[in-house]
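Each chain gets a letter, A, B and so on, in the order the sequences are listed, and its residues count up from 1.
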There are 2 protein chains.
Amino acid sequence: MTINSNTADRILDAAQELIQRRGYNAISFNDIAEQVGIKKPSIIHHFPCKAALGRAVIKRYREHLATKLDGVANADDKSAVDAFDVYCTPYTDLGTGSDKICLCGSLAGEFMALPKDMRNEVSIFFESHIKWLENILAQGKKTGEFIFDDPLPMMAQLILDSLQGALIVKRATANTHHLHNVIRTLKAKLNP
Amino acid sequence: MTINSNTADRILDAAQELIQRRGYNAISFNDIAEQVGIKKPSIIHHFPCKAALGRAVIKRYREHLATKLDGVANADDKSAVDAFDVYCTPYTDLGTGSDKICLCGSLAGEFMALPKDMRNEVSIFFESHIKWLENILAQGKKTGEFIFDDPLPMMAQLILDSLQGALIVKRATANTHHLHNVIRTLKAKLNP
DNA sequence: GACAAACTACCAAACGTTAGGTAGTCATGA
DNA sequence: TCATGACTACCTAACGTTTGGTAGTTTGTC
């Protein structure tokens, strides 16, 4: 990962981190500006309004993750289990020693208080993850890596829900091994 | 459920509903006052500050649910499956045709932006649910209602996480059957 | 008359946003 | 070569609005 020297990117970095930590409605332009080392109006020079900044943060987050996931899903030398492990790494990273949760999990928690175009970006995030998971589960079932009876959409939803929920519950209960536990349990369901 | 004619209770009702819908940091005294049909200072007459109101909302929510859950857990004529069904009903109720999520799920999403004493109440909520679930799972395993290999704490966490996550993801994706699907999948794991 | 519960009328602080201006960069053309 | 004009990046100051919260007063009930 390259260091973002570009100011717009540093604003996005700060905004993302603050949303993951505190939520969209609990942060202000001043909070972001302070973290970047500039003043509030300078942020508006780069992003016309708070909602536009919010939208840009989600889009970047979503697309960055998508290229990573699509890469491992289409790689010939990667198994379905490999892909699933890659999928889990951001969750374990967030869940161990950080007080951050998934950006879109945070935003979904205050979904009804979000501008409409931000809601759209969040929805796309979850829907694309469901699709990706269904695809990987189907692959793994074909290769015999995964063995389970549940319909693919149900299993994909259980995985997404429990990982998102785990991050949120973990932060409120401070159990260091929470994410590892949930992922291990999920894996046991995929290959008993 | 009795109708709350008491003003303090009606304030708590409105605050709870608004937090479940939009989140703590996105609502104001004015929002609550408008819903109750009184003015902002009247709320402060009943609750000294926003954090105190927030704390009272969580405490009432937690205790109301606790008496219900403890009732069914200790009832001799109720099986572990019965108890688990009772546990799931609030989630299915919220998850079908409502844009609300669990109060504490909402608050955990903005955990780091919450006053300290509110955080405590939220933590207690999740920890007591984990304990209750472990107890019910142990009961059901003893009676043969539940059959699974995972350690009790792992299974309890998976259930709590996936139900909380399901509510949040569902609202952002508008899948009507989301909660029913997850609960059916969870039940299949408890008794394959 | 006493008390609680509601009100009107405020406050200081913070919010997102706008206005207006200052440096510095960079391409263009005489 | 060196003005000129356009542009980007950032600033200070202020806008109107909303926030949580306070003070003092009226209303209703026993």
Side-chain angles (χ1 to χ4, degrees), chain A residues 3-19 21-60 106-107 110-119 121, chain B residues 3-19 21-60 106-107 110-119 121:
Chain A
I3 296 166
N4 286 321
S5 54
N6 182 293
T7 305
D9 281 332
R10 277 164 52 218
I11 292 171
L12 290 174
D13 289 342
Q16 179 181 325
E17 182 156 321
L18 284 167
I19 294 172
R21 183 164 283 122
R22 300 205 251 134
Y24 177 77
N25 282 298
I27 66 165
S28 67
F29 278 160
N30 265 331
D31 295 328
I32 301 166
E34 202 171 322
Q35 187 150 320
V36 177
I38 55 175
K39 291 297 158 75
K40 182 169 62 170
S42 302
I43 296 178
I44 294 153
H45 173 75
H46 292 276
F47 301 93
C49 65
K50 197 186 180 190
L53 171 56
R55 207 178 336 125
V57 170
I58 310 170
K59 204 178 171 208
R60 191 187 65 154
S106 172
L107 293 168
E110 45 188 344
F111 196 69
M112 305 308 294
L114 254 38
K116 278 232 171 94
D117 41 6
M118 282 185 67
R119 289 192 209 176
E121 295 286 342
Chain B
I3 296 166
N4 287 321
S5 54
N6 181 293
T7 305
D9 282 331
R10 278 165 52 219
I11 293 171
L12 290 173
D13 289 342
Q16 178 180 325
E17 182 156 322
L18 284 167
I19 294 172
R21 184 163 282 121
R22 299 204 251 135
Y24 178 77
N25 282 298
I27 67 165
S28 66
F29 279 154
N30 267 330
D31 295 328
I32 301 166
E34 201 172 324
Q35 187 150 320
V36 176
I38 56 176
K39 292 297 158 72
K40 179 171 66 168
S42 302
I43 295 178
I44 297 161
H45 173 75
H46 291 277
F47 301 94
C49 65
K50 198 188 180 190
L53 170 56
R55 205 176 339 123
V57 170
I58 310 171
K59 204 178 170 209
R60 191 185 66 155
S106 172
L107 293 168
E110 45 189 343
F111 196 70
M112 303 309 293
L114 253 38
K116 278 231 171 97
D117 41 4
M118 282 185 67
R119 289 193 210 176
E121 295 287 343

Peer 1: For DNA chain D, what residues of residues 29-36 of chain A have any heavy atom nearer than 4.0 Å?
Peer 2: none

Peer 1: Mark yes or no for whether Glu110(A), through its side chain, and Asn25(A), through its backbone, hold a donor-acceptor pair below 3.5 Å.
Peer 2: yes

Peer 1: Do Met112(A) and Leu18(B) touch side chain to side chain, with heavy atoms closer than 4.5 Å?
Peer 2: no

Peer 1: Tell me, do Thr7(A) and Arg10(A) make a side-chain contact under 4.5 Å, heavy atoms counted?
Peer 2: yes

Peer 1: Spell out, as yes or no, whether a donor-acceptor pair under 3.5 Å connects the side chain of Arg119(B) to the backbone of Leu114(B).
Peer 2: yes

Peer 1: Would you give me the side-chain donor-acceptor pairs under 3.5 Å for residues 44-53 of chain A, sequence neighbours excluded?
Peer 2:
from     : atom 1 : to       : atom 2 : distance (Å)
Lys50(A) : NZ     : Tyr24(A) : O      : 3.1
Lys50(A) : NZ     : Ile27(A) : O      : 3.0

Peer 1: What I'd like to find out is whether the side chain of Ile58(B) reaches to under 4.5 Å of the side chain of Ile19(B), using heavy atoms alone.
Peer 2: no

Peer 1: When the distance from CZ of Phe47(B) to P of dA4(C) is rounded to whole Å, what number comes out?
Peer 2: 17 Å

Peer 1: Would you mind reading off the distance between Ile27(A) atom CD1 and dC15(C) atom P, rounded to a whole angstrom?
Peer 2: 11 Å

Peer 1: Would one find a side-chain N or O of Ser28(B) under 4.0 angstrom from OP1 or OP2 of dT18(D)?
Peer 2: no

Peer 1: So do Asp31(A) and Arg22(A) actually touch side chain to side chain, heavy atoms under 4.5 Å?
Peer 2: yes

Peer 1: Without decimals, in angstroms, what is the distance between Ile44(A) CD1 and dC15(D) P?
Peer 2: 16 Å

Peer 1: Please list each protein N or O that sits under 3.5 Å from an N or O in nucleotides 5-7 of chain C, with the distance.
Peer 2:
from   : atom 1 : to       : atom 2 : distance (Å)
dA5(C) : OP2    : His45(B) : NE2    : 3.3
dA6(C) : OP1    : Thr7(B)  : OG1    : 2.7
dA6(C) : OP2    : His46(B) : NE2    : 2.5
dC7(C) : OP2    : Lys39(B) : N      : 2.8
dC7(C) : OP2    : Ser42(B) : OG     : 2.5

Peer 1: Compare all side-chain heavy atoms of Arg60(B) with those of Asp9(B) and state whether any distance is below 4.5 angstrom.
Peer 2: yes

